[in-house]
Number of protein chains: 2
Amino acid sequence: MSTYSRKTKLKADCPMERALNVMTGKWKLALLCELNRRNARLVDFEKKNPEASKRTLAQQLGELVKDGIVQKKDFQVYPKKVEYSLTSLGKELIPVIQKMGEFGEKL
Amino acid sequence: MSTYSRKTKLKADCPMERALNVMTGKWKLALLCELNRRNARLVDFEKKNPEASKRTLAQQLGELVKDGIVQKKDFQVYPKKVEYSLTSLGKELIPVIQKMGEFGEKL
DNA sequence: CAGGATCCAGTGCGATACTG
DNA sequence: CAGTATCGCACTGGATCCTG
């Protein structure tokens, strides 16, 4: 059984595909659900998702940031402390994935 | 520039991820949108999406069938004629992707 | 015309190790 | 701690060919 999750980059020339691209990634829904509950740090995600590699979590968070869904707050301390949270755009994504969840119940 | 669209298979242990898996694939949204408009045959999809290979279109249709989103009607003639259409479950998916589309407008 | 079977390039992501 | 670099493997999906 495979755990390969992402399929392929969509054509991205239509809004639905752009939206789908933003959410598609093995840990992105998990990250978004957690961020919907509370702001969190990379370590927090590592603890919550021990199956995921730190590299992937950091990368997928980075993509969410780049897409404007998530924002970082760098506390500029040592040892480093960086907190992630949903942007206002990111908050608008929550009802969308909830609707997906309702549909997913039927699968 | 790449057009790789699908990311990786999600963990599929939660409804949202199951739903996302069903939609994720380079041509699936295109297939679903077309099927929402009219029933269609493989050739029709080939004409509508000349960028896609027949192999991929057939394969992604097959996945949608396996997931219960799309159904086939085989006319048992020669040359072959097979028509694809949305199942009732598939029709329930339409409003979900429309909601995604609304969100995608903001990206 | 539907749809396999092959072959192959590009990508997702896990493991691991390293830095400031 | 956060973040990056490297390596390696599994998967997506394009091209092409073949059959009934």
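Protein chains get the first letters and strands the later ones, always in sequence-line order, with residue 1 at the start of each.
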Where protein sits on nucleotides 15-20 of chain D, one letter per nucleotide: B base, S sugar-phosphate only, - none, heavy atoms under 4.0 Å: B----B
Pairing residues for B/Tyr78 by the side-chain contact (heavy atoms from CB on, under 4.5 Å) criterion, not counting sequence neighbours: none
Selection from C/dA2, D/dG3, D/dC1 that lies nearest to any side-chain heavy atom of A/Val82: D/dG3
Starting at atom [atom1] of [X], determine the distance to atom [atom2] of [N], rounded to an integer number of angstrom.
| X | N | atom1 | atom2 | result |
| --- | --- | --- | --- | --- |
| A/Glu46 | D/dA2 | CD | P | 7 Å |
| A/Gln60 | D/dT4 | CD | P | 14 Å |
| A/Leu42 | C/dT19 | CG | C1' | 15 Å |
| B/Leu57 | C/dG3 | CG | C1' | 12 Å |
| A/Asn49 | C/dG14 | CG | C1' | 14 Å |
| A/Gln59 | D/dA5 | CD | P | 12 Å |
| A/Phe45 | D/dC1 | CZ | C1' | 14 Å |
| B/Lys26 | C/dA9 | NZ | P | 17 Å |

Option passing side chain to side chain contact (heavy atoms under 4.5 Å, CB included) with B/Leu64 (candidates B/Leu93, B/Thr87, B/Leu32): B/Leu32
Who pairs with [X] by salt bridge (Lys or Arg N to Asp or Glu O under 4.0 Å), at least two apart in sequence or on another chain?
| X | answer |
| --- | --- |
| B/Lys91 | none |
| A/Lys54 | none |
| B/Lys48 | B/Glu34 |
| A/Glu92 | B/Lys106 |

Does [X] make a side-chain N or O approach to OP1 or OP2 of [N] shorter than 4.0 Å?
| X | N | result |
| --- | --- | --- |
| B/Trp27 | D/dT12 | no |
| B/Lys72 | C/dA2 | no |
| A/Tyr84 | D/dG3 | yes |

Nearest non-hydrogen partners of B/Met16 and A/Met100, listed with the distance: O-CE, 3.5 Å
